[in-house]
Amino acid sequence: MPELPEVETVRRGLDQSVAGGQLHRLTLARPDLRVPFTPGMARRLEGKRLDSVGRRAKYLLLRFDSGDTVILHLGMSGRIRVGKPGKISQEKHDHAVFSFNGAEMRFSDPRRFGLMVLAKETELAEHPLLAGIGPEPFSDAFSAHYLSEALAKRRGPVKTALLDQKLIAGVGNIYACEALFRAGIHPETPCHQTTEKTEIIIASIRAVLGEAIDSGGSSLRDYVQANGEMGYFQHHFRVYGREKKPCITCNKPIHAQRQAGRSTFFCPVCQPCR
DNA sequence: AACAAGACCTGCATGC
DNA sequence: TGCATGCAGGTCTTGT
């Protein structure tokens, strides 16, 4: 479900609504997410203040004043809702309820691809979930030089590479398709043939992610912002989910195909091979 | 090392 | 109406 823009939107919502508050209770409805989160871990956090909410790739980082950090991933179907205690509807797949004074935050995830784990702030950088992740797309480290070197080593299709979190953090299926459309690059182009185009690839990724964040993310099935509002970037998709619909640039039909088990959408005219 | 495919789950839309 | 099928924002593991 959520890619970088959705996670970042949720992060901003949480940083405004619950950060700074003291966690007085953490209730676990069912611990069997991808990784178990134990009652002992919950007790360790109770009474602590949530200092800030950060993000790395698609992971939310809930930093507590005790030096503990909850690493939270929304998986495909995860949602976080915040509201006044008792005012948020309970849902079947609510896995964790964070109770603050005056605010309650519920983490639900029907498919349970998401996770919550506890880590020491000082060990975050080396944490197995985070250690191998590539540069954030808006960081200086995500440079034309870096990307050229990385793409030159690969033979596989460029679209699949953009989904690799080791190469770049936070891009998922929707925004990989959208970025390549903006760059005018066919998704099957072998990586090593795109090394001259890294400037436009980077600019396209930043543009689409930035616009999506400004729109509060994309709401398809599950995703809503922490305050319950919908994102609306889905109305700005140029290729994703638009199979057989006219390309907004050339009017020819958008194609769909599978790449590495994921749906890819592109315009064969505006995104020629190479 | 890079890559593809399968596995992990539930819910929903579609078609018979 | 019911049932089977396929698909969905992700990532981890396995095998080539």
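Residue numbers begin at 1 in each chain, while the letters A, B, ... track the order of the sequences.
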Looking at the side chain of [X], which of [options] is the nearest nucleotide?
{"X": "A:Glu3", "options": "B:dA4, B:dT10, C:dG10", "result": "C:dG10"}
{"X": "A:Arg154", "options": "B:dG11, B:dA4, B:dA2", "result": "B:dA2"}
{"X": "A:Arg155", "options": "B:dC3, C:dG10, B:dG11", "result": "B:dC3"}

Margin query: Please identify which of these residues, A:Gln257, A:Gln259, A:Arg258, meets the side-chain hydrogen bond (donor to acceptor under 3.5 Å, both in side chains) condition with A:Thr264.
Written below: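 It is A:Gln259; the other options fail the test.
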To the nearest Å, give me how far apart [atom1] ([X]) and [atom2] ([N]) are.
{"X": "A:Asp109", "N": "B:dC8", "atom1": "CG", "atom2": "C1'", "result": "12 Å"}
{"X": "A:Leu115", "N": "C:dC12", "atom1": "CG", "atom2": "C1'", "result": "11 Å"}
{"X": "A:Asp164", "N": "C:dT13", "atom1": "CG", "atom2": "P", "result": "14 Å"}
{"X": "A:Ile71", "N": "C:dC12", "atom1": "CD1", "atom2": "C1'", "result": "16 Å"}
{"X": "A:Lys166", "N": "B:dA1", "atom1": "NZ", "atom2": "P", "result": "10 Å"}
{"X": "A:His192", "N": "B:dC3", "atom1": "NE2", "atom2": "P", "result": "11 Å"}
{"X": "A:His95", "N": "B:dT10", "atom1": "NE2", "atom2": "C1'", "result": "10 Å"}
{"X": "A:Phe237", "N": "C:dA8", "atom1": "CZ", "atom2": "C1'", "result": "12 Å"}

Looking at [X], does any N or O in its side chain come under 4.0 Å of the phosphate oxygens OP1/OP2 on [N]?
{"X": "A:Arg258", "N": "C:dA8", "value": "yes"}
{"X": "A:Ser263", "N": "C:dA8", "value": "yes"}
{"X": "A:Gln165", "N": "C:dT11", "value": "yes"}
{"X": "A:His73", "N": "C:dT11", "value": "yes"}
{"X": "A:Arg262", "N": "C:dG10", "value": "yes"}
{"X": "A:His93", "N": "B:dG11", "value": "yes"}
{"X": "A:Lys58", "N": "C:dT11", "value": "yes"}
{"X": "A:Arg111", "N": "B:dG11", "value": "no"}
{"X": "A:Arg112", "N": "B:dC8", "value": "no"}

Margin query: Let me spell it out: for each of A:Gln234 and A:Tyr59, pick the nucleotide of DNA chain C with the closest heavy atom. Which residue's pick is nearer the 5' end?
Written below: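 The residue mapped nearer the 5' terminus is A:Gln234.
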Next item on the list: Might you work through the salt bridge (Lys or Arg N to Asp or Glu O under 4.0 Å) test for A:Lys153 and A:Glu149, ending with a clear yes or no?
Entry: CA-CA 7 Å; A:Lys153 289 185 217 155; A:Glu149 301 252 299; over 6 Å; no
Next item on the list: For C:dC3 versus B:dC9, give the span between their P atoms, rounded off to a whole number of Å.
Entry: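 C:dC3 and B:dC9 have their P atoms separated by 24 Å.
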Notebook entry, point to check: Does the side-chain ring of A:Phe113 sit on the six-membered ring of the B:dC8 base, less than 5.5 Å centre to centre and under 30° in tilt?
Noted result: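 So yes, this residue stacks on that base, both cut-offs being met.
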Check: So what does A:Leu129 hit on the nucleic acid, given a heavy-atom distance under 4.0 Å: a base, only sugar-phosphate, or nothing?
Finding: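 Contact class for A:Leu129: sugar-phosphate only.
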Notebook entry, point to check: When we call it a touch if two heavy atoms are under 4.0 Å apart, what does A:Gly261 touch: a base, just sugar-phosphate, or nothing?
Noted result: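 Nothing, no heavy atom under 4.0 Å.
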Notebook entry, point to check: Which dot-bracket string describes DNA chain C (Watson-Crick N1-N3 plus N6-O4 or O6-N4, or G-U N1-O2 and O6-N3, all under 3.5 Å; [ ] crossing; | other strand)?
Noted result: .|||||||.|||||||
Next item on the list: Could you give me the CA-CA distance, side-chain angles and deciding distance for A:Arg79 and A:Asp109, then say whether salt bridge (Lys or Arg N to Asp or Glu O under 4.0 Å) is met?
Entry: CA-CA 6 Å; A:Arg79 289 171 53 181; A:Asp109 181 14; over 6 Å; no
